[in-house]
Amino acid sequence: MASCAHAKEQRGISSVGRARQWHCRGQGFESPILHQHRGRSGNLPGWPRAVPSARGSLPDESAGLYRARRRYPRPSPMTELAQPDRLAKATAMRQTGADPFPARGVASQPIAGLIAAAGTAAAPGPAIGTRVTIAGRMLMPRDFGKLIFAPLVDRTGRVQVGLQRDALPEWWPQRKWLDAGDLVGILGEVGFTQKGELTVWAKEVRLLAKSYAPPPEKWHGLADVEQRYRRRYVDLWATEGVMDVFVKRSKIVSGMRRFLEAQGYLEVETPTLHPIFGGATARPFVTHHNALGCDFYLRIAPELYLKRLIVGGLERVFEIARNFRNEGISTRHNPEFSMLELYEAQADYRRMMELAEQMIERLALEVNGTTKVTFRGREYDLKAPFARLRYSELFRHQNGCEFDDQPAVRARAAALCIEDGGNYWKLMNDVFEATCEKLLTGPVFCVDYPVQICPLAKSNPQDPRLAERFELFLDGMELGNAFSELNDPAEQQRRFEEQVASKDPEAPGVVDIDYVQALEYGMPPTGGLGIGIDRLVMVLTGQDTIRDVLLFPAMRPLGGEPASATAPTH
RNA sequence: GGGCGCGUAGCUCAGUCGGUAGAGCAGCUGGCUUUUAACCAGCUGGUCGUAGGUUCGAGUCCUACCGCGCUCACCA
């Protein structure tokens, strides 16, 4: 495990290193020892002569060639998205020796850093500033004949570039090959326009990759929600704020790791393919293993494997697990979703409460700089500690009866038009959800659930009707679920057998004997906590729907033929 | 699965009472060195989601289907 985590860390470091190396890449750098060029940041080297065609004779010929191309259909087999005009421009470039998809990038620096540095710069006006190299996607060019303005976006931000004929005599004829959406590198000087806008005045321009598909309409952007999700690779740069949400999501997840590792937790990875599904109540996806000749379930929760590791003595473990549930899709549900689950030996659900509120407060501060969040139009404060409300007291307050007063609860359910499916505890919980969840705006811990609806939790020694369990709510949405884990193997086996006997399609068909046997070896008193990462990200980024915090939310496949129900056999 | 809504040019959308399809943006041509959705002039671009039906005539009315969104139910 330790070596695994170490390897992960090394990968992280090397990717940062890669980012720094960009500035020594470029056409013409033949030396394999690229790294030696690193660090001369004060005086970035100019680019080598971009293309042979820059020597002149280009304008008229290339324009004629381009016009000729227009008469033909698509020059190559591409999808309907590729614009003939753009394909023709690439062809024209190639015929003059220029490469629309050069092999090397340029040595760029993040735009955000440039903006931050310019924040303290001199007053507006033509200014000779620092030389910078930036790279990104060029959008919305505005052509004035001898001057072109266009925004350039990279991962960190957006800045305007100014392209002037007199400053770019060699490149200028190639401007006709440039389209909105192209990826370009700019070597230029930081300055301002007459209107005072920060601008990088280009000294050199290089096309880094041609964009054959046109970017979305410049004012409305990607207005079609479906297109935003299906083509997230466009949405990320075409829709304001989208990039930021996913950068924050990444920071939230790494913040979780840091927080837990600082407390001595070990990150582990447990199977996604389960022979028996468990750890939650949900319909699973089924898949098939050819060599073993048996079916597997995609996990609905990592819980039972993580608790096996507590039996194994790892004591504090967590997993950032992708779970799969074969159920409906909504603003809060995706068929695959991410969950943080953690287990701590010698802890109980009270310790889990403290851990949860401290972690969430910390994450809010890390990504937003404040514990205040606005979610679905309401403001919440994620400052710890969160409120605690007892399930039983909430129930009594809202319904005027005890949760285990069966006749009174049945009558109440009937009054609320809640259908009685025969299972009293399910009915009671339906009454609770109908009458109490709307009060759980939060952030709030709802604590001490009736033991009958907590198959994996320990009962409370003071009141055996209750389980040591809490759920964390915000805006009526469940964010987390935790309990003092049941570690009595006989009791666990009994509850499993009850589940199997229920014939519920959401219950496994067989008892997970191996898990019971793990408990027979002895599991210490343990607290366990699960937090829905997608939902937490929704709250911390102010997004109303889960789809807006998933890079690629589940969508019905396009095209007439529905995917085959059977797995391919190879 | 139920209810409501939408589908017209590459994009965003108009399209009246059923009478041969419109705008802006994008693209192309020309002009323009300080724009912020730049602007000006010209040009190109559509099997109106699909299939039937009613009609002399359907983008428009009817039916079915496909796709998407919202919403309800189940779930975290």
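As the structure is a computational prediction, the values presented were derived from the model and not from experiment. Throughout, protein chains are lettered first and strands after them, A, B, ... in sequence-line order, and every chain is numbered starting at 1.
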Let's see if you can work this out: which of U34(B), A76(B), U36(B) has an atom nearest to the side-chain heavy atoms of Gln160(A)?
U36(B)

Between A23(B) and G45(B), how far apart are the P atoms? Round to whole Å, please.
13 Å

Given Arg175(A), Lys210(A), Lys89(A), Arg137(A), the one that forms salt bridge (Lys or Arg N to Asp or Glu O under 4.0 Å) with Asp182(A)
Lys210(A)

Would you indicate what Thr331(A) reaches in the nucleic acid, counting non-hydrogen atoms under 4.0 angstrom: base, sugar-phosphate, or nothing?
sugar-phosphate

Applying the Watson-Crick and G-U wobble criteria at under 3.5 Å, what pairs with C17(B)? Answer none if nothing qualifies.
none

Nucleotide forming a Watson-Crick or wobble pair with C70(B), both distances under 3.5 Å:
G3(B)

Counting Watson-Crick and G-U wobble pairs only, both distances under 3.5 Å, name the nucleotide matched with C11(B), or none.
G24(B)

Among A76(B), C32(B), U36(B), the one nearest Glu478(A) by side-chain distance
A76(B)

How close do Lys307(A) and Glu485(A) get, heavy atom to heavy atom, and via which atoms?
NZ-OE1, 2.6 Å

Using a 4.0 Å heavy-atom cut-off across all strands, classify Asp534(A) as base, sugar-phosphate, or nothing.
nothing

Between G49(B) and C11(B), how far is it from one P atom to the other, in whole Å?
13 Å

Atom CE of Met477(A) and atom P of C75(B): how far apart are they, to the nearest Å?
17 Å

For G46(B), which nucleotide in any strand shown is its Watson-Crick or wobble partner with both distances under 3.5 Å?
none

A38(B) pyrimidine/purine six-ring stacking with Phe149(A), under 5.5 Å and 30°
no

Return the value, rounded to whole Å, for the distance between atom CZ of Arg231(A) and atom C1' of G10(B).
11 Å

Should we say atom CZ of Arg410(A) is surrounded by more than 12 heavy atoms from elsewhere, each under 6.0 Å from it?
yes

Rounded interatomic separation in angstrom, taking CE from Met138(A) and P from U36(B):
18 Å

Considering only the C1' atoms, how many Å lie between C17(B) and G59(B), rounded to the nearest integer?
15 Å

G53(B) versus A58(B) - spacing of their C1' atoms, nearest Å
11 Å

If you measure from the P atom in U50(B) to the same atom in G7(B), how many Å do you get, rounded?
13 Å

Nearest to the side chain of Lys89(A), which nucleotide is it out of C75(B), C28(B), U34(B)?
C28(B)

Side-chain N or O of Arg547(A) closer than 4.0 Å to phosphate OP1/OP2 of G69(B):
yes

I'd like the P distance from C48(B) over to G10(B), given in whole Å.
12 Å

Students often get this wrong, so: under 4.0 angstrom with heavy atoms, is Arg283(A) touching a base, only sugar-phosphate, or nothing?
nothing

For Asp430(A), which contact category applies under a 4.0 Å heavy-atom criterion: base, sugar-phosphate, or nothing?
nothing

Which nucleotide wins on minimum distance to the side chain of Arg230(A), given the candidates A76(B), C68(B), U33(B)?
C68(B)

Pairwise C1' distance, G5(B) and U34(B) [rounded to whole Å]:
46 Å

Should A58(B) form a Watson-Crick or G-U wobble pair with both distances under 3.5 Å, which nucleotide is its partner?
none

How many whole angstroms separate atom CD of Gln227(A) from atom P of G7(B)?
16 Å

NA contact type, Gln164(A), heavy-atom cut-off 4.0 Å: base, sugar-phosphate, or nothing?
base

Closest non-hydrogen atom pair, Ala301(A) against His274(A)
O-CE1, 3.4 Å

With a non-hydrogen cut-off below 4.0 angstrom, is Met140(A) in contact with a base, only sugar-phosphate, or nothing?
sugar-phosphate

Rounded to whole angstrom, note down the P distance from U44(B) over to G57(B).
32 Å

Return the value, rounded to whole Å, for the distance between atom CG of Asp143(A) and atom C1' of U36(B).
15 Å

Using whole Å, what does the distance between atom C1' of nucleotide C68(B) and atom CZ of Arg228(A) come to?
14 Å

Contact class for Arg158(A) vs. all strands (heavy atom < 4.0 Å): base, sugar-phosphate, or nothing?
nothing

Keeping Gln398(A) on the side-chain end and Thr435(A) on the backbone end, is there a donor-acceptor pair under 3.5 Å?
yes

What nucleotide among G10(B), C32(B), U34(B) has an atom nearest to a side-chain atom of Pro214(A)?
G10(B)

Side chain of His333(A) - closest among C32(B), A76(B), C28(B)
A76(B)

Derivation of the side chain to side chain contact (heavy atoms under 4.5 Å, CB included) call for Leu163(A) and Ile186(A)
CA-CA 10 Å; Leu163(A) 311 174; Ile186(A) 301 288; 4.1 Å; yes

Proximity to the side chain of Arg142(A) - top-ranked nucleotide from U34(B), U36(B), C68(B):
U36(B)

Over all heavy atoms of both residues, which pair between Asp154(A) and Met243(A) is shortest? Give the atoms and the distance, please.
O-CE, 4.0 Å

Expressed as a whole number of angstroms, how long is the span from Leu147(A):CG to C39(B):C1'?
14 Å

Please work out whether the ring planes of Phe403(A) and Tyr391(A) are parallel, tilted or perpendicular, with thresholds of 30° and 60°.
perpendicular

Find the distance Leu168(A):CG to U33(B):P and express it as a whole number of Å.
15 Å

Would you kindly compare Ala180(A) and Pro216(A) by the position of their nearest RNA chain B nucleotide and give the one closer to the 5′ end?
Pro216(A)

